[in-house]
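Read the structure below first, then the notes.
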Amino acid sequence: MEKAACVFIRFELEDGTFLEDESFERYYDDVGAGIETVEAPDGYEIIGENTYAVEISRDESSNLVADPSEVTFQVRPVSSSGTSGTESSSAGSTASSGKNPATGDHAPMVLAALAVLAAFGVGITSKKQRS
């Protein structure tokens with residue numbers, strides 16, 4: 001059986017602390033590209049976007065590889081009322097800074113990668129390679 005490509009999903013608090021117990025791996029068993037959605041761990045909310053772009057390809061040894069191989073999402077605890085209390089101030093801070101959210105938002109990279117793939121006639125789904 002062929003080894004699947006893997007993306008390691010991590011969650012980080014605003015103070016830089018990683019929630020290692022909430023980290024997980026997502027596996028891919030075919031070549032392709034797309035946008036994936038991640039849910040926040042129980043008791044937390046993701047700051048910014050909860051998606052990431054991933055491209056699965058083959059390396060020079062024909063092994064499946066994921067790009068990126070790791071994605072980090074910044075999260076904050078949710079209060080017992082269901083809101084963080086800083087939601088309105090944080091929501092505007094990303095847009096005013098002119099930077100991508102600190103959630104691993106790779107939208108510009110994905111759009112460029114998809115444009116290149118489309119130029120070469122490669123779709124999101126692919127056919128199995130013949131040996």
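These values consider heavy atoms only, across backbone and side chains, with no hydrogens, waters or symmetry-generated copies. Sequential numbering from 1 along the given sequence is applied to the chain's residues.
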Should [X] and [Y] count as side-chain neighbours, where that means a heavy-atom distance under 4.5 Å?
X: V75; Y: E12; result: no
X: L19; Y: L13; result: yes
X: P41; Y: F11; result: yes
X: V65; Y: S57; result: yes
X: F18; Y: S23; result: no
X: Y28; Y: D30; result: no
X: V71; Y: F73; result: yes
X: V38; Y: T51; result: no

Q: Count the heavy atoms belonging to other residues, nucleotides or ligands that lie under 6.0 Å from CG of D59, then report whether that count exceeds 12.
A: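 For D59, atom CG is crowded (more than 12 foreign heavy atoms under 6.0 Å).
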(Q) Can you tell me if N63 has over 12 outside heavy atoms packed within less than 6.0 Å of its CG? (A)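 Above 12, so yes.
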(Q) How long is the straight-line distance from SG of C6 back to CD1 of I56, given to the nearest 0.5 Å? (A)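 Going from CD1 on I56 over to SG on C6, the span is 9.0 Å.
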**Q.** Gap between atom CZ of R26 and atom CD1 of I9 - 0.5 Å precision
**A.**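 So the CD1 of I9 and the CZ of R26 are separated by 5.5 Å.
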Q.
Please tell me whether F24 and V54 are part of a single hydrophobic cluster in this structure, the criterion being side-chain heavy atoms less than 4.5 Å apart.
A.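 Linked, F24 and V54 end up in one cluster.
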Q.
For a quick test of reading the model, state the closest non-hydrogen atom pair linking N50 to E39 and the distance between them.
A.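 In this case the closest contact between N50 and E39 is ND2-OE2, 4.5 Å.
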Q: Specify the closest pair of heavy atoms between A5 and A66, including all atoms of both residues, with the distance to one decimal.
A: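 The pair with the smallest heavy-atom distance is CB-N, 3.7 Å.
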Q: List in chain and number order the residues that pass side chain to side chain donor-acceptor pair (under 3.5 Å) with E20, two or more places apart in sequence or in another chain; answer none if no residue qualifies.
A: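 Partners of E20 under the side chain to side chain donor-acceptor pair (under 3.5 Å) test: R10.
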Q: Output all residues satisfying side chain to side chain donor-acceptor pair (under 3.5 Å) with E2, sequence neighbours left out; order by chain, then residue number.
A: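 Listed in chain order: R58.
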